[in-house]
Amino acid sequence: EAIDDAIDEAQETIEQASNSTKAVVTGYDYVYSPDENGWCKVELNDKYGYIDANGKEIIKPKYDYIYSPEDNGWRKVELKDKYGFVDASGKEIVTPKYDYIYSEDENGWRKVEVGDKLGYINASGAEIVSPVYDYIYSWSGGLAKVEKGNKIGYIDRSGKLVKPLE
């Protein structure tokens, strides 16, 4: 009888676990393994989003792809061949409108590219320098050399052109 009770208890535990798992994955085509934050990438109709460890939807499955979280908790998202970011809470902080987003620099800024033009977003995701330059050089002394056509100028950290293009 003790064995029967143990078997019944084990079956009940398995059934409860199975039911809770089904509750988490209901409504998605695929649920991926949790990442280091306990979030699971979910897929629905070839679109990606995220749910938390309790199954609560954090990011609706609307993106063509979502990348793994970066050190700051941001996740790069792709939509119609354009890139943006969502933050650690799942809020879209950079609308997917860039053809390419480069790695962050020492200040958390990132070059962004639209067509063949470059600009900058800051560590908060705000566009500080519109993508209008052919080339942006590395920062030095708080300034970055920029090229547009055959002209060269300098921008500061506010995105302002402090030395006009000549």
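- Looking at Tyr32 and Glu43, their side chains come closer than 4.5 Å, going by heavy atoms from C-beta outward.
- A pairwise comparison of heavy atoms in Tyr28 and Pro61 identifies CE2-CG, 3.8 Å as the closest pair.
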>> Under the criterion side chain to side chain contact (heavy atoms under 4.5 Å, CB included), I'd like the reasoning laid out for Glu113 against Tyr102: C-alpha separation, chi angles, the key distance, then a yes or no.
In response: CA-CA 8 Å; Glu113 190 171 325; Tyr102 292 78; 2.6 Å; yes

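- Contact annotation: the side chain of Ile155 approaches that of Trp139 to within less than 4.5 Å [non-hydrogen atoms, C-beta and beyond].
- Using a 4.5 Å cut-off between side-chain heavy atoms of Ile, Leu, Val, Met, Phe, Trp and Tyr, with links allowed through other members, Val132 and Ile128 fall into the same hydrophobic cluster.
- A distance of 11.0 Å separates CG in Asn150 from CG in Leu165, rounded to the nearest 0.5 Å.
- Side-chain contact between Asp134 and Lys117 is present, with heavy atoms from C-beta onward closer than 4.5 Å.
- Contact check for Ile152 versus Glu147: side-chain heavy atoms found under the 4.5 Å cut-off.
- By the rule that hydrophobic residues join a cluster once side-chain heavy atoms approach within less than 4.5 Å of another member, Tyr65 and Val112 end up as members of one cluster.
- By the salt bridge (charged side-chain N to carboxylate O under 4.0 Å, His left out) test, Glu70 is found to be paired with Arg110, residues two or more places apart in sequence or in another chain being considered.
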>> Pair Lys97, Val114 - check side chain to side chain contact (heavy atoms under 4.5 Å, CB included), show working.
In response: CA-CA 8 Å; Lys97 64 180 183 178; Val114 175; 5.8 Å; no

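- Scanning both residues, Tyr137 and Val146, for their nearest heavy atoms gives CD1-N, 4.5 Å.
- No chain of hydrophobic side-chain contacts below 4.5 Å, direct or via other Ile, Leu, Val, Met, Phe, Trp or Tyr residues, connects Ile93 to Tyr120.
- Side-chain contact between Glu104 and Asn72 is present, with at least one heavy-atom pair separated by less than 4.5 Å.
- Under the 3.5 Å distance criterion, the side-chain polar atoms of Asn37 are left unmatched by any main-chain donor or acceptor of Trp39.
- Hydrophobic clustering, with ILVMFWY side chains joined whenever heavy atoms are under 4.5 angstrom apart, groups Val94 together with Ile59.
- From Tyr50, atom OH reaches atom CD1 of Ile66 across 6.0 Å, with rounding to the nearest 0.5 Å.
- Taken to the nearest 0.5 Å, the CG atom of Asp156 stands 9.0 Å off from the CG atom of Leu161.
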Can you give the donor-acceptor pairs under 3.5 Å from side chains of residues 76-85 to other protein atoms, not counting sequence neighbours?
residue: Lys76; atom: NZ; partner: Ile101; partner atom: O; Å: 3.4
residue: Glu78; atom: OE1; partner: Tyr67; partner atom: OH; Å: 3.3
residue: Lys82; atom: NZ; partner: Asp99; partner atom: OD1; Å: 2.4

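- The cationic atom of Lys111 (NZ for Lys, CZ for Arg) lies less than 6.0 Å from the six-membered ring centre of Tyr135 and within 45° of the ring axis.
- A distance of 8.0 Å separates CD1 in Ile58 from OG in Ser89, rounded to the nearest 0.5 Å.
- There is a path of hydrophobic side-chain contacts, each under 4.5 Å, that joins Tyr133 to Trp109.
- A distance of 11.0 Å separates NZ of Lys145 from OG of Ser138, quoted to the nearest 0.5 Å.
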>> Go through it in stages, so that I can follow the logic: the residues are Asn107 and Arg157, the test is side chain to side chain contact (heavy atoms under 4.5 Å, CB included), and I'd like the CA-CA distance, side-chain angles, deciding distance and then a yes or no.
In response: CA-CA 10 Å; Asn107 295 301; Arg157 283 282 180 186; 2.4 Å; yes

>> Using side chain to side chain contact (heavy atoms under 4.5 Å, CB included), reason through Tyr63 and Val86 one step at a time and then give a plain yes or no.
In response: CA-CA 11 Å; Tyr63 297 104; Val86 295; 3.7 Å; yes

